[in-house]
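Worksheet for the structure shown next.
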Amino acid sequence: MQYLDPERLPAPAGPYSQATRVSGPGEWLHISGQVGVNMDGTTPAAFEAQAELAWGYLAQALEAAGMDMGHVVKTTTYLVARADAAAMRAIRLRHLGAHRPASTLVLVAGLLDPAWKIEVEAVAFRPGGTH
């Protein structure tokens, strides 16, 4: 994988890359949008708790496929409140560390459940063939 931030594009607005190049044989994993709902079906009221759950579930999906956050090539995050963007960036950074996949952040009017404040989906790639 090669992370690209071409000089002819504006610098990223956060800890991500403008593009990710993936080549060669390998496995792709597309992870559905994860929301901040506890395993018992309850939804925490706090944005930070929901975001930690959503990112944790992404990590669990990656682990189930024999991957980790270092395999993520693209994330898409849907936020209901612009005011949560800074907290979201901090939580994202904590989960991704120095890894900088391509990223899109979308502000939405709402998610399926009115209690949900964030949804995160990802695409990952593991080079080198099958697991």
Side-chain angles (χ1 to χ4, degrees):
M1 286 183 267
Q2 180 184 14
Y3 300 99
L4 306 169
D5 290 306
E7 291 180 13
R8 296 185 74 184
L9 291 177
Y16 62 89
S17 297
Q18 292 288 23
T20 304
R21 177 186 298 163
V22 179
S23 60
E27 290 183 323
W28 288 95
L29 178 67
H30 293 257
I31 303 170
S32 296
Q34 301 299 307
V35 295
V37 175
N38 290 305
M39 294 298 289
D40 65 5
T42 60
T43 302
F47 171 80
E48 292 81 358
Q50 288 191 31
E52 288 290 351
L53 283 168
W55 279 96
Y57 294 147
L58 281 179
Q60 292 296 317
L62 288 160
E63 183 179 316
M67 298 182 190
D68 59 35
M69 287 292 181
H71 293 100
V72 173
V73 297
K74 173 73 167 71
T75 64
T76 304
T77 304
Y78 303 92
L79 287 184
V80 174
R82 185 181 314 271
D84 292 327
M88 183 280 306
R89 285 186 182 108
I91 291 165
R92 179 184 187 279
L93 184 60
R94 196 165 43 255
H95 282 270
L96 290 174
H99 186 58
R100 299 290 183 262
S103 177
T104 300
L105 173 60
V106 182
L107 189 62
V108 296
L111 296 167
L112 182 61
D113 184 318
W116 297 348
K117 300 176 182 209
I118 184 172
E119 185 166 350
V120 184
E121 63 185 28
V123 177
F125 179 79
R126 181 179 49 224
T130 60
H131 177 59

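Values below: all heavy atoms of this structure, side chains included; hydrogens, waters and symmetry mates excluded. Note that the numbering runs from 1 along the sequence shown for the chain.
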Side-chain donor-acceptor pairs under 3.5 Å in residues 51-61, sequence neighbours left out?
residue	atom	partner	partner atom	Å
E52	OE1	H95	NE2	2.8
E52	OE2	R94	NE	3.3
E52	OE2	R94	NH2	2.3
Y57	OH	V37	O	2.6

Could you go through residues 78-86 and list every donor-acceptor pair under 3.5 Å that involves a side-chain atom there, pairing it with any protein atom two or more places apart or in another chain?
none

Distance-only donor-acceptor hits, side chain of residues 5-14, under 3.5 Å, sequence neighbours excluded:
residue	atom	partner	partner atom	Å
D5	OD1	Q18	N	2.8

Which side-chain N or O atoms in residues 110-122 pair as donor and acceptor under 3.5 Å with protein atoms at least two apart or in another chain?
residue	atom	partner	partner atom	Å
D113	OD1	A115	N	2.8
K117	NZ	A45	O	2.8

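Sorted by first and then second residue, the ring-ring contact (aromatic ring centres under 6.0 Å, His included) pairs with a member in residues 1-21 read Y3-H99; sequence neighbours excluded. For residues 31-50, no pair satisfies ring-ring contact (aromatic ring centres under 6.0 Å, His included), with sequence neighbours left out.
Using a 4.5 Å heavy-atom threshold, the side chains of M67 and L29 count as touching. Looking at L105 and T77, their side chains come closer than 4.5 Å, going by heavy atoms from C-beta outward.
Checking side-chain atoms of T76 against main-chain N and O of T104 turns up no donor-acceptor pair under 3.5 Å. Of the possible polar contacts, one joining the Q50 side chain to the P44 backbone as a donor-acceptor pair under 3.5 Å is found.
In this structure, V22 is a member of the same hydrophobic cluster as V123, with clusters built from ILVMFWY side-chain heavy atoms closer than 4.5 Å. Residues I91 and I31 share a hydrophobic cluster, clusters being chains of Ile/Leu/Val/Met/Phe/Trp/Tyr side chains in contact below 4.5 Å. In this structure, M69 is not a member of the same hydrophobic cluster as L93, with clusters built from ILVMFWY side-chain heavy atoms closer than 4.5 Å. Hydrophobic cluster membership is shared by V108 and V35, with clusters built from Ile, Leu, Val, Met, Phe, Trp and Tyr side chains linked at under 4.5 angstrom.
The CG atom of D40 sits 3.5 Å away from the OG1 atom of T42 when rounded to the nearest 0.5 Å.
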